[in-house]
Amino acid sequence: MRALDFDYMLGLVPVILSYVPITLAMAGASMVLALALASLLAVERVIKVPVLDRLVVLFISFFRGTPLLVQLFLFYFGLPQLLPALANINGVTAAIMGLTLHFAAYMAESIRAAIAGVDRSQWEAAQSIGMTQAQMMRRIILPQAARIAAPTLVNYFIDMIKGTSLAFTLGVTEMMGAAQKEAAGSFLYFEAFLVVAVIYWIMVEALSQVQGRLETRLNKAFAR
């Protein structure tokens, strides 16, 4: 049995860490876009606009029912064939598009469930003072739903960070792509991928700590 090359692993750490900003930038941009889209989809699922609701259900069904890797390939390799204007789409853009739409489908259902979890008396109170549906959603319902959905949304962000590792299949050199290149040159695949795994693990643990503090803070804000 071959011993691990710890010197190689230690030397690889700063190389992999230098690609963390790319990973976080892709995950952060995808999270912001997915959250905005998911909020719109969730509100639509609650108020159910005719015809549009069927399209939203179809969208959610497709992006929840197909693998993320397949969706990334569709955006990067398939769309340019269908739409020549996207012939020059790069891997980062395709990855952000795929992550955004994939996770928006999941997040929309979580936000919809959170909206449904807001006490009915809040809806009735808002209606009794003459608020429109849009005002009621923006001022009363969505802020409370955000507290309910926050833990789940942070979990999706964690999954999104791990999902960025698939971007290397589109030619993006992020953490996984960098490890693949380093391992191909040294043939020390186990060490290279172990370093990546540990760095992902540390990042997720740090986010889990943030998630715990966020939940405590939100619960305090609504404590009676």
Side-chain angles (χ1 to χ4, degrees), residues 23-66 68 71 75 93 95-164 203-224:
T23 295
L24 293 180
M26 284 196 296
S30 301
M31 184 66 186
V32 170
L33 295 172
L35 190 56
L37 178 59
S39 299
L40 293 174
L41 295 174
V43 170
E44 194 290 323
R45 291 288 292 130
V46 172
I47 61 178
K48 295 186 182 300
V49 178
V51 182
L52 182 59
D53 189 56
R54 289 180 177 272
L55 295 176
V56 170
V57 170
L58 183 64
F59 170 88
I60 292 174
S61 174
F62 177 78
F63 281 97
R64 292 180 69 190
T66 52
L68 175 58
Q71 294 164 15
F75 284 117
T93 303
I96 290 174
M97 286 174 64
L99 289 167
T100 296
L101 298 180
H102 180 84
F103 282 97
Y106 283 93
M107 290 162 66
E109 288 298 89
S110 296
I111 295 173
R112 183 181 65 82
I115 291 174
V118 175
D119 195 289
R120 198 66 201 169
S121 63
Q122 300 290 313
W123 297 73
E124 294 167 354
Q127 289 172 336
S128 68
I129 59 175
M131 280 190 173
T132 64
Q133 207 163 40
Q135 289 172 330
M136 183 170 61
M137 277 290 176
R138 181 164 54 87
R139 297 181 184 178
I140 308 292
I141 305 303
L142 285 180
Q144 295 184 64
R147 180 180 69 91
I148 300 171
T152 306
L153 296 180
V154 174
N155 283 335
Y156 283 133
F157 183 56
I158 289 172
D159 286 343
M160 199 175 281
I161 287 177
K162 292 184 286 188
T164 60
M203 289 169 61
V204 169
E205 281 301 303
L207 276 172
S208 298
Q209 294 295 320
V210 173
Q211 180 183 17
R213 292 183 182 182
L214 178 64
E215 287 179 32
T216 303
R217 192 164 185 171
L218 288 173
N219 288 331
K220 277 184 181 177
F222 283 83
R224 295 180 179 176

- [ ] Show the numbers, then the answer: is there a side-chain contact (heavy atoms from CB on, under 4.5 Å) between Leu101 and Leu37?
- [x] CA-CA 8 Å; Leu101 298 180; Leu37 178 59; 3.6 Å; yes
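- One N or O on the side chain of Ser128 and one on the backbone of Ala125 form a donor-acceptor pair closer than 3.5 Å.
- Open room surrounds CD on Gln133; 12 or fewer heavy atoms of other groups in view lie less than 6.0 Å from it.
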TODO: Show the numbers, then the answer: is there a side-chain contact (heavy atoms from CB on, under 4.5 Å) between Leu24 and Thr164?
DONE: CA-CA 9 Å; Leu24 293 180; Thr164 60; over 6 Å; no
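- A 4.5 Å side-chain heavy-atom check between Tyr156 and Ser110 finds at least one atom pair inside the cut-off.
- When atom types are taken as modelled, the side chain of Glu109 and the backbone of Ala105 share no donor-acceptor pair closer than 3.5 angstrom.
- Applying the salt bridge (Lys or Arg N to Asp or Glu O under 4.0 Å) rule to pairs touching residues 151-160 yields Asp159-Lys162, sequence neighbours excluded.
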TODO: Check the pair Trp123, Met137 against side-chain contact (heavy atoms from CB on, under 4.5 Å), reporting the backbone distance first and the verdict last.
DONE: CA-CA 9 Å; Trp123 297 73; Met137 277 290 176; 3.6 Å; yes
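- With hydrogens and angles disregarded, a donor-acceptor distance shorter than 3.5 Å links the side chain of Gln71 to the backbone of Thr66.
- Put simply, the side chain of Arg138 does not reach to within 4.5 Å of the side chain of Met131, judged on heavy atoms.
- Looking only at distances, no side-chain donor or acceptor of Ser61 sits under 3.5 Å from a matching main-chain atom of Val57.
- Here the shortest heavy-atom pairing between Ala145 and Ala114 reads O-CB, 3.4 Å.
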TODO: Take Leu35 and Ile111 through the test side-chain contact (heavy atoms from CB on, under 4.5 Å) and record every step on the way to the result.
DONE: CA-CA 9 Å; Leu35 190 56; Ile111 295 173; 4.2 Å; yes
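- Aromatic ring pairs are classed by plane angle as parallel below 30°, tilted from 30° to 60° and perpendicular above 60°; the pair Phe75 and Phe63 is parallel.
- Closest heavy-atom contact between Ala126 and Ile140: CB-CG1, 4.2 Å.
- Looking at Val49 and Val51, their side chains never come closer than 4.5 Å, going by heavy atoms from C-beta outward.
- In this structure the side chain of Arg45 never reaches within 4.5 angstrom of the side chain of Ile115, judged on heavy atoms.
- No side-chain donor-acceptor contact under 3.5 Å links Gln122 to the backbone of Ile141.
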